[in-house]
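Data block below; observations after.
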Amino acid sequence: MAEKPQAVRVLYCGVCGLPAEYCEFGPDFEKCKPWLRCHAPDLYPDLLKEENRTDADEATQKLQSVAISGSGDGRGDASAAASGSASAPKQEEVKRLPGGKIKKKEKQEVVIEKIVRNKRKCVTVVKGLDLFGIKLSDASKKLGKKFATGASVVKGPTEKEQIDVQGDISYDIVEFITDTWPDVPATAIFFIEDGRKVAAA
């Protein structure tokens, strides 16, 4: 007779309650890391390496703050202070997503693209106005009134909201954007022509 299968014993995380092998996909993986290092080190060997690496980084930072240098001419203090102050803002800009991926800060720029449909109809797409703190619904109303055409806020292929304006309005739109919203400089406006990004100004 065949043996009865044994029940699988699942280790659940004490922080988020998910099975330990699924913690990295949970909402608070950073909070789970200390628990996983203690209770499931075999599941995430990278965490132990990361912990050792951070310990080494802390040791090097302490050495730099003490300004130990082989020459002893006093230049070590200035270089350590300069490198420390330069690395501090970079650490603030980097944000980590679940799973350890780094989220880069988006550049503040407005991208204007003309899309031709059915050989005759044009749609002008305006992306990036929201990065300057502009409400896209208000901007679409103003664009629609100014150019006497339909304008709407839609989600683009990258799941970011953009403004679709019916017709080819690329000839006047840069001047209109810089006049209506002074926070948007003309140097931050780009056109996409033949698949390349070209500065408007």
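Residues take their numbers from the sequence shown, with the count starting at 1.
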With clusters built from Ile, Leu, Val, Met, Phe, Trp and Tyr whose side-chain heavy atoms come within less than 4.5 Å, directly or transitively, what are the remaining members of the cluster of V198, listed by chain and number?
none

Would you please name every residue forming a side-chain hydrogen bond (donor to acceptor under 3.5 Å, both in side chains) with W35, sequence neighbours left out?
H39

Approximate separation, where rounding is to 0.5 Å, of [X] [atom1] and [Y] [atom2]:
X: T124; Y: I173; atom1: OG1; atom2: CD1; value: 6.5 Å
X: Y22; Y: C13; atom1: OH; atom2: SG; value: 14.5 Å
X: E161; Y: S137; atom1: CD; atom2: OG; value: 9.0 Å
X: D183; Y: L131; atom1: CG; atom2: CG; value: 13.0 Å
X: L129; Y: Q162; atom1: CG; atom2: CD; value: 11.0 Å

Which residues pass the side-chain contact (heavy atoms from CB on, under 4.5 Å) test with [X], sequence neighbours left out?
X: Q166; value: T149
X: K4; value: none
X: E175; value: D179
X: V8; value: V10

Cluster check [X], [Y]: I/L/V/M/F/W/Y, side chain < 4.5 angstrom:
X: V154; Y: V126; answer: no
X: F190; Y: I112; answer: no
X: V15; Y: L36; answer: yes
X: V174; Y: I134; answer: yes
X: F191; Y: V184; answer: yes

Which of these passes side-chain contact (heavy atoms from CB on, under 4.5 Å) with V111: I192, I189, V125?
I192

Within residues 127-168 or reaching into it, pairs that qualify as ring-ring contact (aromatic ring centres under 6.0 Å, His included) - sequence neighbours excluded:
F147-F176

So which atom in [X] and which in [Y] form the shortest heavy-atom distance, rounded to 0.1 Å?
X: K33; Y: E30; value: NZ-OE2, 3.2 Å
X: V153; Y: S140; value: CG2-OG, 3.9 Å
X: P185; Y: T178; value: C-CG2, 4.3 Å

Sorted by chain and number, sequence neighbours left out, salt bridge (Lys or Arg N to Asp or Glu O under 4.0 Å) with K114 holds for D168

Sequence neighbours left out, what pairs pass salt bridge (charged side-chain N to carboxylate O under 4.0 Å, His left out) with at least one residue falling in residues 126-154?
E113-K127

